Amino acid sequence: MYSSKKTMKQKNGGLGYLLLGAGAAAWWMSKDENRTKFDSWMSQAKQKLNGETSPGDSFPVHKGGNPHPEDIDDNKMVDEGSQFAVNYYNKKQQ
């Protein structure tokens, strides 16, 4: 008898949290701006699940490996990065 009462309390507690979450979601969705955001999130999630994302979405580096010759900062970064790897390798070999 005791265990069945405990299970009822556990079920009712979960139901309370479920109702609280549903109420919060309904309050949040009452604004038109939030409904638009939610629709956007859902369409993005559907695209990701169906594998319909464009290649640009999955690869965030657009100019990786092909720096512009006049982009001094980027060229300097690439140069320093390659020197770091060479120095690291040389230190490991010695």
Side-chain angles (χ1 to χ4, degrees):
M1 288 285 270
Y2 178 71
S3 63
S4 65
K5 287 182 182 179
K6 186 175 181 181
T7 343
M8 289 298 286
K9 282 187 177 184
Q10 288 175 347
K11 287 182 182 178
N12 289 338
L15 181 62
Y17 288 124
L18 181 68
L19 290 175
L20 181 67
W27 172 77
W28 188 76
M29 294 285 283
S30 66
K31 292 184 179 180
D32 189 40
E33 176 185 337
N34 292 339
R35 281 193 301 272
T36 306
K37 286 181 190 178
F38 182 74
D39 287 340
S40 172
W41 293 337
M42 290 304 293
S43 65
Q44 288 176 357
K46 286 179 187 177
Q47 287 177 351
K48 286 182 181 180
L49 287 174
N50 293 334
E52 298 173 0
T53 57
S54 64
D57 293 342
S58 62
F59 191 67
V61 180
H62 297 291
K63 64 176 188 174
N66 191 14
H68 192 274
E70 296 176 7
D71 189 359
I72 303 299
D73 291 332
D74 191 38
N75 289 330
K76 186 176 178 182
M77 179 188 67
V78 170
D79 182 47
E80 290 172 354
S82 64
Q83 288 300 314
F84 175 77
V86 169
N87 291 337
Y88 180 80
Y89 178 77
N90 287 339
K91 286 180 184 177
K92 284 291 186 180
Q93 290 298 319
Q94 294 173 354

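What you see is a predicted model; the values in this text were computed from it and never measured.
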Quick one: CH2 on Trp41 to CG on Asn34, what's the gap to the nearest 0.5 Å?
7.5 Å

Arg35 versus Met29, closest heavy-atom pair with distance
NH1-O, 2.9 Å

The reported gap from CE in Met42 to NZ in Lys46 (rounded to nearest 0.5 angstrom) is 6.0 Å

